[in-house]
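Before any comments, here is the structure.
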2 protein chains.
Amino acid sequence: MAAATPDAPGAAPVPGSPAWWADRPEPRGAPRRGRPALDTDHIIATALRLVDEHGAQAFSLRMLADALGSGTATLYRHFASKDEILAHLVDRVLGEVDLSDLDALATWQEVLAAMAHRFYGALRRHPNAVPPLMAQVPVGPNGLAQRERVLHALLDRGVPVGLAARAFTAIGHYVIGFTAQQHGPTVASPDAAPQLASFYRRLDPTAYPAITRAAATLTSVPLIEEFRFGLDLLITGLERHAPRTPAPAGP
Amino acid sequence: MAAATPDAPGAAPVPGSPAWWADRPEPRGAPRRGRPALDTDHIIATALRLVDEHGAQAFSLRMLADALGSGTATLYRHFASKDEILAHLVDRVLGEVDLSDLDALATWQEVLAAMAHRFYGALRRHPNAVPPLMAQVPVGPNGLAQRERVLHALLDRGVPVGLAARAFTAIGHYVIGFTAQQHGPTVASPDAAPQLASFYRRLDPTAYPAITRAAATLTSVPLIEEFRFGLDLLITGLERHAPRTPAPAGP
DNA sequence: ACCTGAACACCGTTCAAGT
DNA sequence: ACCTGAACACCGTTCAAGT
């Protein structure tokens with residue numbers, strides 16, 4: 001029957017899910033048992049490097065153990081499963097997003113644009129980490145810290161609390177969807193965009209008149225411009241719900 | 001070096017990529033060799049049923065072969081790899097989206113909203129198929145047919161061709177991102193939304209004041225409303241670029 | 001000529017045997 | 001007490017041997 005209903009009462013929480021992260025009391029550092037031979041951070045950093053280099057599909061625990069000069073069994077002294085390692089890896093990517101200077105921005109529009117662009121940048125630096133990242137709401141320690149910072153900055157600039165949360169969610173979903181489709185591992189060549197455009201242009205115009213017409217018009221739009229277009233739609237849409245005036249900047 | 005750069009010149013195209021679909025001349029039917037014992041459509045339909053029931057991770061070729069009363073080697077007479085099967089499976093899900101009555105809608109806004117809701121509905125019916133779906137731009141026969149229909153309906157209602165293509169892309173990315181985060185297999189319990197909300201609410205208010213405040217306010221917003229909110233942002237944002245007037249309905 | 005059992009080289013995970 | 005080699009039950013894929 002229902003096979004893929006994780007976090008069912010009684011069952012062990014799925015790694016990366018809210019319930020799973022909630023069971024992990026130590027947000028940072030603090031090895032779990034004694035003093036292990038391998039540093040937890042080092043394992044995750046190595047795993048991320050391997051995923052970057054070889055792709056999430058080719059990444060295996062044997063490969064990771066080899067890179068660490070260790071055996072696969074040793075990894076299980078630090079993590080309960082491969083999925084746990086991937087959950088930490090995803091949170092590590094989110095940790096690369098630097099939102100420390102959000103206070104310097106005058107308007108909530110700028111805050112949302114900065115958040116979107118920097119989140120987008122981190123995902124572009126780790127396209128092979130996108131599939132594991134998409135599979136979960138990012139509620140690890142770094143994901144929570146980013147969410148807190150952005151919501152705080154929005155509230156500070158007079159955005160109503162309900163709107164702030166919805167804006168964060170909507171823009172987050174857009175960034176994830178955009179990156180998945182345009183920079184996922186299946187399309188992760190540097191020239192993915194022109195490739196896709198020329199694919200559309202070469203279709204039979206009789207069978208696909210509208211697609212080929214659009215492709216002929218939209219010849220070589222840089223991806224970053226396409227990204228900005230959708231982002232602007234969301235932000236201008238939000239302006240109908242929220243004040244346009246920037247809050248007085250606190251000292 | 002560059003490990004995950006598919007569709008490189010000379011290399012075989014990655015299943016599901018534009019280049020791969022372009023090599024598949026027969027959009028529908030027509031078995032490839034003689035008269036095979038297994039129907040291609042039947043294989044894909046069975047594969048989708050198994051993915052629905054057991055999840056994409058548990059789905060294996062042995063499981064598929066068993067369900068078909070056959071052996072794994074037989075599957076390779078119809079498809080070159082598991083990825084090929086998944087690419088067809090994804091296109092089959094897109095084939096469930098019914099856009100045949102788009103002509104009855106008066107405005108381009110309604111066209112985009114209908115497309116988003118029906119695409120969203122198909123993904124919700126197959127949450128376990130979302131991970132393979134996200135990994136690729138959907139350019140299989142069914143994906144192309146949907147794209148053509150929507151673009152045609154938008155052009156018919158006076159939307160400029162460049163804007164139509166960008167609107168389709170932006171809304172498609174939003175739907176994909178929303179579904180991945182809210183209905184992916186990791187969070188695919190029926191009560192995922194309240195679960196996530198209560199997770200936020202139980203966080204330490206000292207460490208995460210903005211998150212807990214937002215969670216307390218946004219108690220139990222139905223997911224469909226959250227979906228509509230982001231969609232409305234995009235559509236109202238688009239209205240600044242396009243005419244508001246519906247085109248005269250053709251007979 | 002078409003099909004497929006059985007093998008191949010892997011995989012994540014476990015555990016008994018080592019130190 | 002801690003670590004880990006070697007095994008376990010799988011996996012996607014191949015191919016020689018069957019009909």
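Each chain gets a letter, A, B and so on, in the order its sequence line appears, and its residues count up from 1.
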Practice problem: Pick base, sugar-phosphate or nothing for B:Ser81, based on heavy-atom distances below 4.0 Å to the nucleic acid. | Solution: sugar-phosphate
Quiz item: What class does the angle between the rings of B:Phe227 and B:His117 fall in, given that below 30° is parallel, 30 to 60° is tilted and above 60° is perpendicular?
Solution: perpendicular
Quiz item: For the atom pair CG (B:Asp91) and CG (B:Leu86), what is the distance rounded to the nearest 0.5 Å?
Solution: 12.5 Å
Quiz item: Roughly how far apart are A:His54 NE2 and A:Arg49 CZ, rounded to 0.5 Å?
Solution: 8.5 Å
Quiz item: A:Thr74 side chain N/O closer than 4.0 Å to the phosphate oxygens (OP1, OP2) of D:dC3?
Solution: no
Quiz prompt | Pair B:Asp98-B:Ser100, side-chain donor/acceptor within less than 3.5 Å | solution = yes
Quiz item: Does the side chain of B:Ser81 come under 3.5 Å of the side chain of B:Asp83 through a donor N or O and an acceptor N or O?
Solution: no
Rounded off to whole Å, could you give me the [atom1]-to-[atom2] distance for the [X] and [N] pair?
{"X": "B:His78", "N": "C:dC3", "atom1": "NE2", "atom2": "C1'", "value": "10 Å"}
{"X": "A:Gln57", "N": "D:dG12", "atom1": "CD", "atom2": "C1'", "value": "10 Å"}
{"X": "B:Phe79", "N": "D:dT13", "atom1": "CZ", "atom2": "P", "value": "13 Å"}
{"X": "A:Leu64", "N": "C:dT13", "atom1": "CG", "atom2": "C1'", "value": "14 Å"}
{"X": "B:Tyr76", "N": "C:dG5", "atom1": "OH", "atom2": "P", "value": "15 Å"}
{"X": "A:Asp66", "N": "C:dG12", "atom1": "CG", "atom2": "P", "value": "12 Å"}
{"X": "B:Ile85", "N": "D:dT13", "atom1": "CD1", "atom2": "P", "value": "8 Å"}

Practice problem: I would like to know whether A:Leu68 and A:Thr74 meet side-chain contact (heavy atoms from CB on, under 4.5 Å); could you show each step before the answer? | Solution: CA-CA 10 Å; A:Leu68 293 165; A:Thr74 308; over 6 Å; no
Exercise. Have a look at A:Glu96 and tell me which of A:Arg125, A:Arg118, A:Arg124 forms a salt bridge (Lys or Arg N to Asp or Glu O under 4.0 Å) with it.
Key: A:Arg125
Exercise. Sort out for me which residue in B:Leu64, B:Val51, B:Asp41 forms a side-chain contact (heavy atoms from CB on, under 4.5 Å) with B:Thr46.
Key: B:Leu64
Quiz item: Within a strict 4.5 Å, meaning less than it, do heavy atoms of the B:Thr169 and B:His173 side chains meet?
Solution: yes
Self-check item: Rounded distance in Å between the C1' positions of C:dT14 and C:dG18
Solution: 16 Å
So which protein N/O to nucleotides 8-11 of chain D N/O distances come out below 3.5 Å?
{"from": "D:dC11", "atom 1": "OP1", "to": "B:Ser60", "atom 2": "OG", "distance (Å)": "3.2"}

Self-check item: Dot-bracket notation for DNA chain D, counting Watson-Crick and G-U pairs under 3.5 Å, with | for partners on another strand
Solution: ||.|||||...|||||.||
